[in-house]
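All values below were derived from every heavy atom in this structure, side-chain atoms included, with hydrogens, water molecules and symmetry-related copies excluded. In this text, all values refer to a predicted model and were calculated from it rather than measured experimentally.
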Amino acid sequence: MRRVTIAIIAILLGTATSGCVGYRSHYDLDADRYEDALRQAAPLGSQKTARYTLNVACYTGYKLVEAVSKPRPKLDALAQRTITDMGIFEEGEVGQTVKTADYHFIFDIEIRSTQEPGTFSGLILPFFRGRKYTARLEVLDEKGQPFANYAASAETLYVRHPLFLLFTPFYWPGWAENRARENLFQALSVRLIADRKEFL
């Protein structure tokens, strides 16, 4: 009985301490120009208003695993920031509930994972998970007609195995995920800033 207890504790400790690392395997290179684009985007003093809609679909394989209607405050904040980055909309004139808007920004975000880890995944053989973020932005004018379209993508790779324990503090999976999401919206901002005079 004692050996069984020790074996169970060893397995649980191994699971708890297995090394998890994550990094971006791809991101839209326009995101690298985000800070430069912001510096060049001086406010233009427009009186335009903008409404936005955020639709997020999460898949594991081909299965939708989370409700599209689930609140996503981080992605919501990134979507709103993407619009205000243009420098032609005041913060109070951008929102999801603006009724009579000059433009309607529709963000369709797809997050697709190859698989999700189980309790013992990566304990013996390495566990790998790829995750792809895709953003499609459609802008409609005040009449509801298509005005512009944009797209961006990013990907991360997540690996779990005890041999990666030493690397975990330097490649924390959460950091890779956050950077990938940020890059997605930063790339959209760069493209919107480049076209912003067309919105005046």
Side-chain angles (χ1 to χ4, degrees), residues 22-41 48-89 91 93-98 101-116 129-141 144-158 173-199:
Y23 62 92
R24 293 173 304 167
S25 55
H26 156 79
Y27 70 99
D28 199 308
L29 293 180
D30 272 350
D32 288 337
R33 299 190 293 112
Y34 177 68
E35 296 297 332
D36 289 335
L38 278 185
R39 282 192 287 272
Q40 297 170 10
K48 301 282 187 179
T49 59
R51 178 172 69 252
Y52 70 93
T53 300
L54 178 66
N55 304 310
V56 182
C58 293
Y59 297 90
T60 297
Y62 294 99
K63 182 181 178 183
L64 185 67
V65 292
E66 292 181 5
V68 175
S69 59
K70 177 182 175 181
R72 300 183 187 275
K74 289 183 180 178
L75 291 176
D76 187 86
L78 289 171
Q80 184 165 354
R81 188 193 71 186
T82 298
I83 301 169
T84 56
D85 280 348
M86 295 174 70
I88 61 175
F89 303 103
E91 277 197 40
E93 303 299 331
V94 176
Q96 291 187 324
T97 58
V98 176
D102 295 293
Y103 295 101
H104 185 186
F105 292 75
I106 303 171
F107 294 87
D108 288 313
I109 311 298
E110 183 179 279
I111 304 171
R112 192 174 288 274
S113 300
T114 54
Q115 56 185 327
E116 289 298 331
R129 181 196 68 200
R131 178 169 283 171
K132 183 174 183 180
Y133 295 85
T134 306
R136 293 179 181 84
L137 170 60
E138 181 179 21
V139 185
L140 307 179
D141 63 18
Q145 297 300 312
F147 182 81
N149 286 282
Y150 303 90
S153 64
E155 294 181 43
T156 60
L157 180 64
Y158 170 94
W175 295 343
E177 299 290 335
N178 287 336
R179 290 182 70 189
R181 287 191 295 264
E182 284 266 344
N183 291 155
L184 199 67
F185 288 91
Q186 287 171 344
L188 292 176
S189 287
V190 169
R191 291 171 187 148
L192 284 167
I193 290 170
D195 293 347
R196 66 183 187 148
K197 289 185 178 177
E198 296 180 21
F199 286 80

If we ignore angles and hydrogens, is there a donor and acceptor under 3.5 Å between the side chains of [X] and [Y]?
X      : Y      : value
Tyr34  : Asp85  : yes
Arg129 : Thr114 : no
Glu110 : Tyr59  : no

Please round to the nearest 0.5 Å and tell me the distance separating atom [atom1] of [X] and atom [atom2] of [Y].
X      : Y     : atom1 : atom2 : result
Leu137 : Thr82 : CG    : OG1   : 8.0 Å
Arg196 : Ile88 : CZ    : CD1   : 7.5 Å
Asp102 : Lys48 : CG    : NZ    : 5.0 Å

* Asked: Checking side-chain contact (heavy atoms from CB on, under 4.5 Å) for the pair Val190/Asp32: CA distance, chi angles, key distance, verdict?
  -> CA-CA 9 Å; Val190 169; Asp32 288 337; over 6 Å; no
* Anything under 30° is parallel, anything over 60° is perpendicular, the rest tilted; go ahead and classify Phe199 against Phe105. =>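 Aromatic pair Phe199/Phe105 classed parallel.
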pair [X]-[Y]: side-chain heavy atoms closer than 4.5 Å:
X      : Y      : result
Glu93  : Val98  : no
Phe107 : Leu184 : no
Arg112 : Glu155 : no

* side-chain contact (heavy atoms from CB on, under 4.5 Å) between Gln96 and Asp76, intermediate numbers included -> CA-CA 10 Å; Gln96 291 187 324; Asp76 187 86; 3.0 Å; yes
* Go through the steps for Asp28 and Arg191 under the test side-chain contact (heavy atoms from CB on, under 4.5 Å), then give the verdict. => CA-CA 11 Å; Asp28 199 308; Arg191 291 171 187 148; 2.7 Å; yes
* Asked: Among pairs that include at least one residue of residues 178-188, which meet salt bridge (charged side-chain N to carboxylate O under 4.0 Å, His left out), considering only residues two or more places apart or in two chains?
  ->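 Salt bridge (charged side-chain N to carboxylate O under 4.0 Å, His left out) check on residues 178-188 returns Arg81-Glu182.
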* Asked: Out of His26, Arg131, Glu177, which one pairs with Thr156 under the side chain to side chain donor-acceptor pair (under 3.5 Å) rule?
  ->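 Exactly one option meets the side chain to side chain donor-acceptor pair (under 3.5 Å) with Thr156, and it is Glu177.
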* **Verdict with reasoning, Arg51 to Thr49, per side-chain contact (heavy atoms from CB on, under 4.5 Å)** => CA-CA 7 Å; Arg51 178 172 69 252; Thr49 59; over 6 Å; no
